[in-house]
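Side-chain atoms are counted along with the backbone in the values below, which use heavy atoms only and exclude waters and symmetry mates. Each chain gets a letter, A, B and so on, in the order its sequence line appears, and its residues count up from 1.
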Amino acid sequence: MTEKMTNETSTEKRSLHFIEQAIVADLEAGKNGKKIQTRFPPEPNGYLHIGHAKAFILDFGIAAQYGGTCNLRFDDTNPEKEDTEYVDSIKEDIEWLGCKWDNIFYASDYFQQIWDFAVELIRKGHAYVDEQPAQAIADQKGTPTEPGQDSPYRNRPVEESLELFDKMNSGELEEGAMVLRAKIDMTHSNMHFRDPIIYRIIKTPHHRTGTAWNAYPMYDFAHGQSDYLEGVTHSLCTLEFEVHRPLYDYFVELMKNSTLARTDERQPRQIEFNRLNLTYTVMSKRKLLTLVQEGLVNGWDDPRMPTLCGYRRRGYSPESIHLFIDRIGYTKYEALNDISLLESAVREDLNKRATRVSGVLNPVKLTITNYPEGQVEMMEAVNNPEDENGGVHSIPFSGQLWMEREDFMEDAPKKFFRMTPGKEVRLKNAYIVKCTGCEKDANGEITEIFCEYDPNTKSGMPDSKRKVKGTLHWLSREHCIPAEVRLYDRLFKVENPGAEASEDFRTLLNPDSLKVLKECYVEPFAGSLGIGSYMQFQRLGYFTLDPDTNKEGRLIFNRTVGLRDTWSKKK
RNA sequence: AGUCCCAUGGUGUAAUGGUAGCACUACAGUUUUUGGUACUGUCUGUCUAGGUUCGAAUCCUGGUGGGACUACCA
């Protein structure tokens with residue numbers, strides 16, 4: 001045996017959740033020839049969001065954990081909504097999170113077999129063609145508390161159904177002309193057993209099979225069938241499919257007794273877990289699509305979107321998403337997870353790896369009146385204090401600096417440890433300076449701050465040991481480079497837009513969700529780090545370079561997540 | 001109310017009949033050349049009423065509360 005590979009993404013100890021326990025139990029019982037096979041089955045009708053990540057991290061994770069197989073299967077049974085654009089983005093996002101599929105399958109791969117199965121069901125009297133309009137079928141369905149009524153076509157001859165089913169697929173019928181229904185029980189307490197529709201006519205060409213088919217299977221007649229044909233052993237899905245499980249089992253049982261029966265012992269089992277809900281976040285694909293289509297955000301990868309490509313562009317690392325998913329767990333309780341759980345996971349991961357660079361987001365001039373004119377010194381800065389091997393880089397220092405406007409107060413309260421007249425403060429990696437005053441314009445706005453430096457307090461010198469309460473970041477006006485910074489806030493202003501969006505969820509949008517700061521500066525080193533690298537601007541948060549960054553020497557940064565700012569709360 | 005599912009601090013999640021623990025949040029403190037990080041501490045919890053048991057968050061029954069199901073979506 002080779003040495004065991006360590007999985008670095010989840011070193012935290014945790015007990016097995018209920019799905020893992022079920023799998024262990026099945027393994028111990030010797031089910032499915034002691035094999036494990038899962039699948040991630042997205043419909044290619046939109047971009048993947050973080051809720052999907054919770055699902056596929058489980059699907060791929062379970063397979064990896066128990067030496068099984070996990071396939072990516074596109075559930076493409078409704079050509080009206082689906083597109084190859086989505087197929088491509090889904091693959092990209094799964095790979096970004098480091099998950100690897102064994103095979104790529106499509107439900108459309110099984111259209112012929114599912115068709116054959118339907119024909120067999122008709123022959124055996126388990127299905128019939130219904131020619132009623134949709135409304136009539138809905139009316140006969142009853143309600144959860146009242147039984148339904150049989151369709152007048154329910155007991156039509158097998159040969160007739162067979163003939164009509166063929167017509168449904170030939171292209172000669174219009175959409176809605178007729179459907180194929182399973183013949184089960186119109187009085188069943190589970191609505192899904194009231195003769196569910198299993199095939200309908202759709203004339204829109206399919207993104208893979210084109211016009212080869214005109215009749216398409218419904219979810220309930222495709223999902224379990226695909227699972228069974230593929231050899232899936234554990235079909236993991238979200239809680240809302242719980243009511244579908246009896247029907248899933250019903251059809252699997254019929255498949256076992258059909259000409260499509262497997263030669264091995266494998267039989268898929270559906271297990272449901274809670275879907276991801278996040279505060280201040282909309283996870284509905286339909287609503288996310290609306291945001292994109294109406295231009296309320298700048299595309300699926302807008303950094304405010306909860307899509308995986310949105311988080312990627314904002315600068316969230318794949319590791320932090322794994323960490324978050326690992327912490328929230330899988331249960332049957334419909335939880336509403338606080339967004340701070342995600343943000344804390346991002347900060348924890350980025351803190352270990354983000355290069356510390358200087359940036360000033362809201363600049364004001366700081367002039368050292370006693371610093372030799374024209375002198376420039378190179379100051380050494382540690383790249384990452386959390387990483388001993390992170391190395392150093394240098395920052396040019398001069399008497400003409402930028403500092404953060406918030407770091408100065410003319411009349412400061414006692415607990416203000418930053419710059420204020422008469423008090424000493426340290427310039428990070430440089431000298432201790434004493435503030436001597438400031439200059440204001442006609443409106444009373446501060447235009448420049450003055451200070452004097454102590455030449456013996458440069459970092460490394462003996463006098464630099466002197467205790468000063470505050471440490472400020474700075475940039476040399478002559479040497480820094482202009483930048484634009486985008487600060488992202490929550491897209492929605494209410495905690496639970498899902499629950500509160502009774503009329504129009506758009507009214508719940510936060511108008512301040514994007515703030516663009518144009519007069520920003522960063523040190524030259526920040527520009528050299530490039531897209532994809534993580535940076536922490538001193539005390540301001542974590543940033544990444546936006547892919548849109550242009551070439552005119554202006555860098556555009558996205559703030560991934562802010563740091564804790566206890567000062568703002570202490571006031 | 002028909003069937004099914006769920007209920008542990010503010011949030012999420014452990015404890016699988018035997019000391020209710022962890023993470024996040026909030027608050028307080030220590031360290032710190034980032035008011036960051038790290039570390040320490042504090043606050044706060046088994047929905048309710050019965051039953052079984054030496055012993056119940058856990059098993060049983062009733063209640064309460066929340067959710068799913070009534071698409072030719074998945």
Side-chain angles (χ1 to χ4, degrees), chain A residues 12-18 21 41-43 45 75-78 80-82 107 130 133-134 137-138 141-148 175-181 188-192 194 197-202 216 218-220 222-223 237 239-246 272 274 279 285-286 324 326-345 347-348 351-352 356 358 381-382 385-386 407 415-418 426-430 432 457 459 464-473 536-541 563-570:
Chain A
E12 287 171 25
K13 275 186 215 156
R14 65 168 176 78
S15 44
L16 297 185
H17 55 67
F18 76 105
Q21 287 174 25
E43 182 186 15
N45 68 345
D75 231 341
D76 54 349
T77 58
N78 185 358
E80 284 174 356
K81 293 184 176 179
E82 297 153 9
D130 196 333
I137 293 177
K141 198 142 201 173
T143 69
T145 50
E146 302 159 33
E175 290 186 9
M178 51 186 75
V179 293
L180 183 70
R181 301 178 70 179
H188 204 284
S189 58
N190 183 335
M191 300 287 287
H192 296 278
R194 321 247 258 232
I197 294 168
I198 57 178
Y199 260 92
R200 80 293 212 191
I201 302 168
I202 299 175
Y216 292 88
M218 298 281 291
Y219 167 85
D220 281 314
H223 200 96
C237 63
L239 245 28
E240 67 269 25
F241 292 101
E242 220 156 18
V243 224
H244 293 248
R245 188 181 350 123
E272 310 86 13
N274 59 347
T279 55
K285 253 194 206 176
R286 206 198 88 241
F324 168 67
D326 201 52
R327 284 179 178 171
I328 58 171
Y330 298 89
T331 69
K332 292 176 85 77
Y333 175 72
E334 299 188 49
L336 178 60
N337 294 274
D338 199 299
I339 191 84
S340 67
L341 224 45
L342 172 61
E343 290 172 348
S344 134
R347 279 198 300 261
E348 179 174 327
N351 174 49
K352 289 180 289 196
R356 271 54 168 178
S358 288
V382 172
E386 310 294 320
D407 283 348
K415 285 225 162 186
F416 185 79
F417 299 138
R418 304 184 198 181
R426 177 181 304 282
L427 298 180
K428 176 84 178 167
N429 300 313
I432 292 176
T457 56
S459 294
S464 72
K465 294 280 189 292
R466 204 156 84 216
K467 290 282 178 193
V468 235
K469 283 279 192 179
T471 303
L472 304 186
H473 55 272
Q536 185 190 103
F537 290 175
Q538 312 272 340
R539 213 203 312 129
L540 300 171
L563 300 180
R564 269 193 247 177
D565 188 3
T566 45
W567 161 248
S568 65
K569 275 171 234 157
K570 282 179 184 170

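Ion pair A/K332/A/E242 flagged as a salt bridge, since at least one NZ, NE, NH1 or NH2 atom sits closer than 4.0 Å to an Asp/Glu carboxylate oxygen. Salt bridge present: A/R245 and A/E272 bring a charged side-chain N and a carboxylate O closer than 4.0 Å.
Within the nucleic acid shown, A/L16 comes within 4.0 Å of at least one base atom, counting heavy atoms only. Nucleic acid contact for A/E146: none, since no nucleic acid atom lies under 4.0 Å from a heavy atom of the residue. Among the protein residues, A/Y216 comes within range of no part of the nucleic acid, since none of its heavy atoms lies under 4.0 Å from any strand. Within 4.0 Å (heavy atoms only), A/P41 reaches no atom of the nucleic acid at all. Across all strands shown, A/H192 has heavy atoms under 4.0 Å from sugar-phosphate atoms exclusively, and none from any base. If you check every strand for non-hydrogen atoms under 4.0 Å, A/N45 touches nothing. Note on A/I432: nothing from the nucleic acid sits closer than 4.0 angstrom, heavy atoms only. Here A/M178 lies out of heavy-atom contact (under 4.0 Å) with every strand. At a threshold of 4.0 angstrom between heavy atoms, the contacts of A/F537 with the nucleic acid are absent. Note on A/R418: a base of the nucleic acid sits closer than 4.0 angstrom, heavy atoms only.
Closest to the A/L336 side chain, of the nucleotides B/G12, B/A74, B/A68, is B/G12. In the set B/G12, B/G2, B/C6, the nucleotide with an atom closest to the side chain of A/P144 is B/G2. Distance from the side chain of A/Y333 is smallest to B/A7 among B/U11, B/U3, B/A7. Set against B/C73, B/A14, B/U33, the side chain of A/H17 has B/A14 as its closest nucleotide. Out of B/C24, B/U33, B/A71, the shortest distance to the side chain of A/L341 is found at B/C24. Set against B/U70, B/U34, B/U13, the side chain of A/R356 has B/U34 as its closest nucleotide.
For the pair A/E386 and A/A430, both in contact range of RNA chain B, the more 5′-proximal nearest nucleotide belongs to A/A430.
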- Verify side chain to side chain contact (heavy atoms under 4.5 Å, CB included) between A/T77 and A/M218, making sure each step is shown before the conclusion. CA-CA 7 Å; A/T77 58; A/M218 298 281 291; over 6 Å; no
- Message: What verdict does the side chain to side chain contact (heavy atoms under 4.5 Å, CB included) test give for A/H244 and A/Y219, after you've listed the backbone C-alpha separation in whole Å, the side-chain angles of each residue and the deciding distance to 0.1 Å?
- Response: CA-CA 10 Å; A/H244 293 248; A/Y219 167 85; 4.2 Å; yes
- Start with the C-alpha distance between A/D407 and A/H473, add both sets of side-chain angles, then the distance that settles side chain to side chain contact (heavy atoms under 4.5 Å, CB included), and finish with yes or no. CA-CA 9 Å; A/D407 283 348; A/H473 55 272; 4.1 Å; yes
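The base of B/A68 has none of its N or O atoms less than 3.5 Å from a complementary donor or acceptor on the side chain of A/H244. Not a single donor-acceptor contact under 3.5 angstrom links the side-chain atoms of A/R539 to the base of B/U34.
At the phosphate of B/U25, OP1 or OP2 sits under 4.0 Å from a side-chain N or O atom of A/R564. Within the 4.0 Å cut-off from OP1 or OP2 of B/U11, not a single side-chain nitrogen or oxygen of A/T279 is found. Taking side-chain N and O atoms only, A/R327 has no distance below 4.0 Å to OP1 or OP2 of B/U25. A sub-4.0 Å separation between OP1 or OP2 of B/A15 and a side-chain N or O of A/S15 is present. A close approach under 4.0 Å does occur between a side-chain nitrogen or oxygen of A/K467 and OP1 or OP2 of B/U32. Close to B/C24, at under 4.0 Å from its OP1 or OP2, lies no side-chain N or O of A/S340. A/R347 has a side-chain polar atom (N or O) that falls below the 4.0 Å cut-off from OP1 or OP2 of B/U25. For B/C73, one of the phosphate oxygens OP1 or OP2 lies less than 4.0 angstrom from a side-chain nitrogen or oxygen of A/R200. A sub-4.0 Å separation between OP1 or OP2 of B/U13 and a side-chain N or O of A/N274 is present.
Ring geometry for A/Y330 versus A/H17: interplanar angle of 30 to 60°, hence tilted.
When rounded to the nearest whole Å, the span between CD1 of A/I339 and C1' of B/U25 equals 14 Å. Here the P atom of nucleotide B/A71 and the CD atom of A/E80 are 17 Å apart, to the nearest Å. Counting to the nearest Å, the P atom of B/A74 and the NE2 atom of A/H223 are 11 Å from each other. Note: CD (A/E242) to C1' (B/U70) measures 18 Å, nearest angstrom.
Comparing the P positions of B/U40 and B/G62 gives a spacing of 47 Å, expressed to the nearest Å. B/A20 sits 27 Å from B/U25 when the P atoms are compared, rounded to a whole Å.
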